[in-house]
Amino acid sequence: MTHTAIDCLVNVHFGEAESQPNWMLKVRDDYFNRPESVFAQVGLAELLAEMDEQGVRKAILMDSLANPSSTARKFVEAKPDRFALAMGGVRLLRPVRSLRELSALVKALPVAYAVVGPSFWGDGQYPPSDAVYYPLYAKCAELELPLCVNTGIPGPPIPGEVQHPMHLDRVCVRFPELRLCMIHGADPWWDVAIRLLLKYANLRLMTSAWSPKRLPESLLHFMRTRGKNKVIFASDWPVLPMRRVIPEALALDLPPNVLDNYLCGNAREFFFGEEH
């Protein structure tokens, strides 16, 4: 294996639910065309085998304050050198208790970042520029914890305008201490996202849920030129298997140092505070 990767968005919690909501089934069937097994329970050995096969030395597992994932936390406790958590589920309309829980978790467990999806709560009414997010921004800045925010039109049939990257413009101005990352790409607003990445030192973009071979040429050009340190790899496993997206990433027309940054180096620096 000649490359090393960090997979910055992995789902191991799907199998914990007895059933999935209709919008998740629609995403599976209509958007990603994945088999029913995508929502099956995940074994630690199974996940580690795919990681080892594809050169993934570390994976960040989705978790939630509102619905804690026993699987994610079990995996982190078993292999803290291979896994960290991404914490969602902050109750933004009543934030104080949730933010206390987040602070306690960051002290107790390896948490790589917090995460929020503007289209996925509050009926999609609140863009990231709304003051309802400010307690979360301030807490993450205080904890020196990166925050990931969904951008781009979401796959499910839910409101998408709140995930326009331009809503992060004011956030970056008002919270320059906050390490902020757009996740799940930025389609169809890639050029806006790239312009914001050029503008703000504290902003990154993660290509989770995007097949690398489907990434736009404008983003690849940015990565090859002024954005060598700005774009971060992730799969959204098992929605997109590592066995698919790692080979696709390796086939991209990127110089070796840019590819290394994309697959590993940028995540090491941004989420784990490690030098390239």
Side-chain angles (χ1 to χ4, degrees), residues 8-9 60 62-66 84-107 110-122 124-152 154 159-186 189-208 222 226-227 229-232 234 266-274:
C8 293
L9 203 161
I60 301 176
M62 295 298 292
D63 196 1
S64 172
L65 294 169
L85 295 174
M87 294 305 308
V90 173
R91 297 172 179 85
L92 295 174
L93 298 178
R94 295 287 187 273
V96 174
R97 182 175 177 180
S98 282
L99 294 177
R100 285 175 179 161
E101 293 175 3
L102 178 63
S103 297
L105 268 173
V106 168
K107 293 177 182 178
V111 178
Y113 61 81
V115 60
V116 64
S119 288
F120 292 84
W121 74 276
Q125 298 181 68
Y126 302 97
S129 54
D130 193 283
V132 74
Y133 292 87
Y134 283 17
L136 176 61
Y137 297 155
K139 178 56 67 176
C140 286
E142 176 190 330
L143 295 173
E144 298 185 340
L145 180 69
L147 176 65
C148 290
V149 180
N150 289 37
T151 48
E161 189 277 334
V162 290
Q163 295 192 170
H164 195 300
M166 198 61 198
H167 291 301
L168 298 176
D169 187 46
R170 291 182 184 273
V171 179
C172 290
V173 170
R174 292 173 177 169
F175 295 89
E177 305 86 356
L178 175 63
R179 283 183 286 167
L180 193 63
C181 183
M182 299 175 278
I183 64 171
H184 293 345
W189 304 300
W190 294 102
D191 289 343
V192 174
I194 291 168
R195 185 64 187 86
L196 292 172
L197 289 167
L198 286 166
K199 187 177 179 182
Y200 295 112
N202 60 330
L203 187 62
R204 300 292 186 273
L205 182 140
M206 184 193 298
T207 61
S208 48
F222 174 68
R226 297 178 65 184
N229 302 322
K230 288 286 194 171
V231 183
I232 294 171
N266 294 341
R268 279 207 321 262
E269 181 179 46
F270 194 71
F271 293 128
F272 299 102
E274 301 174 15

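By convention here, the first residue in the shown sequence is residue 1. Atom set for the values below is all heavy atoms of this structure, side chains included, hydrogens, waters and symmetry mates excluded. Since the structure is predicted, the reported quantities are computational estimates derived from the model, not experimental observations.
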J.: So, Q125 side chain and G122 main chain: donor-acceptor pair closer than 3.5 Å or not?
T.: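 Such a contact is found between Q125 side chain and G122 backbone.
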
J.: Check whether any side-chain heavy atom of T207 lies under 4.5 Å from a side-chain heavy atom of V231, and answer yes or no.
T.: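 Sidechains of V231 and T207: in contact.
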
J.: Mark yes when over 12 heavy atoms from residues, nucleotides or ligands other than E144 sit less than 6.0 Å from its CD; otherwise mark no.
T.: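 Not buried by this count: 12 neighbours or fewer within 6.0 Å.
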
J.: Are any side-chain N or O atoms of E177 and backbone N or O atoms of A141, one a donor and one an acceptor, separated by less than 3.5 Å?
T.: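 Pair absent, no side-chain N/O of E177 close to backbone of A141.
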
J.: Is a side-chain N or O of S119 found less than 3.5 angstrom from the main chain of P159, in a donor-acceptor match?
T.: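 Checked: pair present.
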
J.: Ignoring hydrogens and angles, tell me if any N or O in the side chain of K230 forms a donor-acceptor pair with the backbone of L197 under 3.5 Å.
T.: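 Confirmed, K230 side chain pairs with L197 backbone.
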
J.: Evaluate the side-chain proximity of N150 to P118: yes if any heavy-atom separation is below 4.5 Å, no if none is.
T.: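 They are in contact (side-chain heavy atoms under 4.5 Å apart), so the answer is yes.
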
J.: Just wondering, do L65 and L105 contact through their side chains at under 4.5 Å, heavy atoms?
T.: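 L105 vs L65: side chains touch.
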
J.: Could you pull out the closest heavy-atom pair between L147 and V115, with the gap in Å?
T.: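 That would be CD1-N, 3.9 Å.
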
J.: Okay, side chain of H167, backbone of Y126: is any donor-acceptor separation there less than 3.5 Å?
T.: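 No.
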
J.: Could you check whether any side-chain N or O of R179 sits under 3.5 Å from a backbone N or O of P176, counting only pairs where one atom can act as donor and the other as acceptor?
T.: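 No, the answer is negative, given that no donor and acceptor are paired below the 3.5 Å cut-off.
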
J.: Looking only at heavy atoms, what is the nearest atom pair of W189 and G160, with distance?
T.: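 W189 and G160 have their closest heavy atoms at CH2-O, 4.0 Å.
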
J.: Once you round to the nearest 0.5 Å, how far does CD of Q163 lie from CD1 of I183?
T.: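 Nearest 0.5 Å value for the CD-CD1 distance: 8.5 Å.
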
J.: Roughly how far apart are M182 CE and I232 CD1, rounded to 0.5 Å?
T.: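 M182 CE to I232 CD1: 10.0 Å, rounded to 0.5 Å.
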
J.: How are the rings of Y137 and Y133 set to each other: parallel, tilted or perpendicular (split at 30° and 60°)?
T.: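 It falls in the parallel class, under 30°.
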
J.: Does G185 offer a backbone N or O that forms a donor-acceptor pair with the side chain of T151 under 3.5 Å?
T.: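 Yes, T151 side chain to G185 backbone: donor-acceptor pair under 3.5 Å.
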
J.: Considering non-hydrogen atoms only, spot the tightest contact between V162 and G124 and give its length.
T.: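 Distance-wise, the nearest heavy atoms are CG1-O, 3.1 Å.
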
J.: Hey, what do you get for OH (Y200) to CZ (R195), rounding to the nearest 0.5 Å?
T.: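 Here the interatomic distance stands at 9.0 Å.
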
J.: Does any N or O in the side chain of N202 come within less than 3.5 Å of the main-chain N or O of L180, such that one atom is a donor and the other an acceptor?
T.: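 It does not hold such a pair.
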
J.: Evaluate the side chain to side chain contact (heavy atoms under 4.5 Å, CB included) criterion for residues M206 and C148: first the C-alpha distance (whole Å), next the side-chain angles of each, then the deciding distance (0.1 Å), finally the verdict.
T.: CA-CA 9 Å; M206 184 193 298; C148 290; 4.1 Å; yes

J.: Would you find a donor on one side and an acceptor on the other, under 3.5 Å apart, between the side chain of R226 and the backbone of L198?
T.: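 Such a contact is absent between R226 side chain and L198 backbone.
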
J.: Between the side chain of R204 and the main-chain N/O of N229, is any donor-acceptor distance below 3.5 Å?
T.: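 Yes; at least one donor-acceptor contact below 3.5 Å.
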
J.: If you take all heavy atoms of P128 and V149, which pair is closest and at what distance?
T.: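 Closest pair (atom of P128, atom of V149, distance): CG-CG1, 4.0 Å.
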
J.: Quick check: closest heavy atoms across V90 and S98, and the distance to 0.1 Å?
T.: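 Between these two residues, the closest heavy atoms are CG1-CB, 3.9 Å.
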
